[in-house]
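These notes concern the structure reproduced below.
When reading the values below, keep in mind they use all heavy atoms of this one structure, side chains included, and skip hydrogens, waters and symmetry mates. Just so it is clear, the structure is predicted and the values come from calculations on it, not from any experiment. Just so it is clear: chains get the letters A, B, ... in the order the sequence lines come, proteins before strands, and each one is counted from 1.
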Amino acid sequence: NAGVTQTPKFQVLKTGQSMTLQCAQDMNHEYMSWYRQDPGMGLRLIHYSVGAGITDQGEVPNGYNVSRSTTEDFPLRLLSAAPSQTSVYFCASSYGQYNQPQHFGDGTRLSIL
Amino acid sequence: TQLLEQSPQFLSIQEGENLTVYCNSSSVFSSLQWYRQEPGEGPVLLVTVVTGGEVKKLKRLTFQFGDARKDSSLHITAAQPGDTGLYLCAGGSNYKLTFGKGTLLTVNP
C-alpha cells in the first residue's frame, strides 16, 4: 500500500540551485496538488492538476513549475532556489476532484541556504 | 482566495477534559473537511461534512457543519494524549482546496 510517495524526504540546497521534488501515487487518482507548510501559515496551495496534461496555479505559484505527463507522477520544480522557499512540501492526490478526501505524502523538508 | 479562520491557534489541556475548535469563513462551501496531522507526517482525513446543519460523530469526536455552510466545529469529549496533533479544516471551490492555519492541540497525561 504505497499511496502517495514523495522523494527526497530531506534536502539542503544553496541559493540559486534548481531541483525537482518527486511525487508519485499508485491509486489512479485524477487530482493531484502541491502544498507548502510554514510555521503559522498552514498549508498553502502551490499548483494543482485535475488530470494528466492539465495543470494550474494555486495560491503561491511563483518560483515553482509543475508538469503532469502521466496520471501517476506530479513533479514540482524549483527553478532557482531562494531562502524564502525553505519549507515542508506536501503532495496530495484524490479520486475525483478537490472536494474528495485528499491523500497526503509524508512531505519533503527543504532548506535553502 | 477564500479564507478559513481557525481558533484557537493553540490549545493545551489535561487528559479527560472536553474541548471545541472552530473553523469560520465568510464564504459558503459545498463541503468542509477536517484533517489531523502528527509531527513528521502528512495530514490524514478525519471527516467530510456536506449538508448545512450536519453532525457527524467519530468515536469521541463530534463534527458540525453550520446551517449556512460557512463554519464548522470539532468537539472532543474526554480528550486523551493520543488526540494530540494539529487539526486542520479545509474547504474549496474552483478546483482549489484551501486550508485553515490549524489548531495545535496538546493533551497532557
Side-chain angles (χ1 to χ4, degrees), chain A residues 1-7 9-10 21 23-25 27 29-51 54-61 66 68 87-109, chain B residues 1-11 21-25 27-52 54 56 58 63 65 69 72 85-105:
Chain A
N1 295 334
V4 178
T5 302
Q6 291 185 237
T7 55
K9 294 189 183 301
F10 303 93
L21 307 185
C23 175
Q25 52 91 9
M27 297 172 282
H29 284 170
E30 298 155 348
Y31 187 86
M32 296 186 73
S33 55
W34 276 101
Y35 292 86
R36 59 177 290 174
Q37 187 173 35
D38 303 292
M41 298 296 294
L43 287 160
R44 292 184 291 170
L45 182 65
I46 305 172
H47 285 285
Y48 66 96
S49 169
V50 300
I54 305 170
T55 64
D56 207 343
Q57 297 180 351
E59 181 186 354
V60 288
V66 292
R68 184 92 181 271
S87 187
V88 181
Y89 291 84
F90 287 98
C91 178
S93 73
S94 67
Y95 177 75
Q97 295 304 326
Y98 66 93
N99 54 353
Q100 298 300 313
Q102 299 296 312
H103 298 258
F104 283 84
D106 285 336
T108 293
R109 284 142 189 84
Chain B
T1 302
Q2 295 175 304
L3 295 177
L4 284 165
E5 301 285 343
Q6 287 191 245
S7 62
Q9 186 176 359
F10 300 97
L11 189 55
V21 299
Y22 300 92
C23 174
N24 297 301
S25 175
S27 303
V28 175
F29 291 98
S30 59
S31 64
L32 271 178
Q33 301 172 3
W34 283 92
Y35 292 81
R36 182 169 69 201
Q37 184 180 20
E38 299 189 17
E41 299 181 4
V44 176
L45 181 75
L46 295 172
V47 77
T48 302
V49 286
V50 178
T51 305
E54 181 177 6
K56 280 192 174 179
L58 187 64
F63 303 85
F65 201 13
R69 292 185 289 131
S72 182
L86 178 67
Y87 289 81
L88 297 157
C89 66
S93 65
N94 296 327
Y95 302 102
K96 301 176 186 178
L97 191 64
T98 300
F99 282 81
K101 295 181 180 180
T103 294
L104 185 60
L105 172 65

Sort A:Q100 into side chain, backbone, both or neither according to what part of it lies under 4.5 angstrom from a heavy atom of chain B. backbone

From A:Q37 atom CD to B:K101 atom NZ, the distance as rounded to the nearest 0.5 Å: 12.5 Å

Under 4.5 Å to a heavy atom of chain A? For B:Q6 that would be neither

Against chain A, label B:L88 side chain, backbone, both or neither, depending on which of its atoms sit under 4.5 Å from a heavy atom there. side chain

Of all heavy-atom pairs between B:Y35 and A:Q102, which one has the smallest distance, and what is that distance? OH-N, 3.0 Å

Under 4.5 Å from any heavy atom of chain B, what part of A:R44 do you find: side chain, backbone, both or neither? neither

Part of A:L43 within contact of chain B (heavy atom distance under 4.5 Å): both

With a 4.5 angstrom heavy-atom cut-off, could you sort out which part of A:Q97 is near chain B: side chain, backbone, both or neither? side chain

Specify whether A:Y48 and B:Y95 have parallel, tilted or perpendicular ring planes, treating 30° as the upper limit for parallel and 60° as the lower limit for perpendicular. parallel

Whatever's closer than 4.5 Å to a heavy atom in chain A on B:L86 counts as side chain

Given heavy-atom pairs under 4.5 angstrom as the criterion, report whether the side chain, backbone, both or neither of B:E41 touches chain A. both

For B:Q37 and A:F90, which heavy atoms make the closest approach, and how far apart are they? NE2-CZ, 3.4 Å

Taking every non-hydrogen atom, the tightest pair across B:G42 and A:D106: N-OD1, 3.8 Å

If you count heavy-atom pairs under 4.5 Å between each of B:P43, B:A90, B:G102, B:G100 and chain A, which one has the most? B:P43

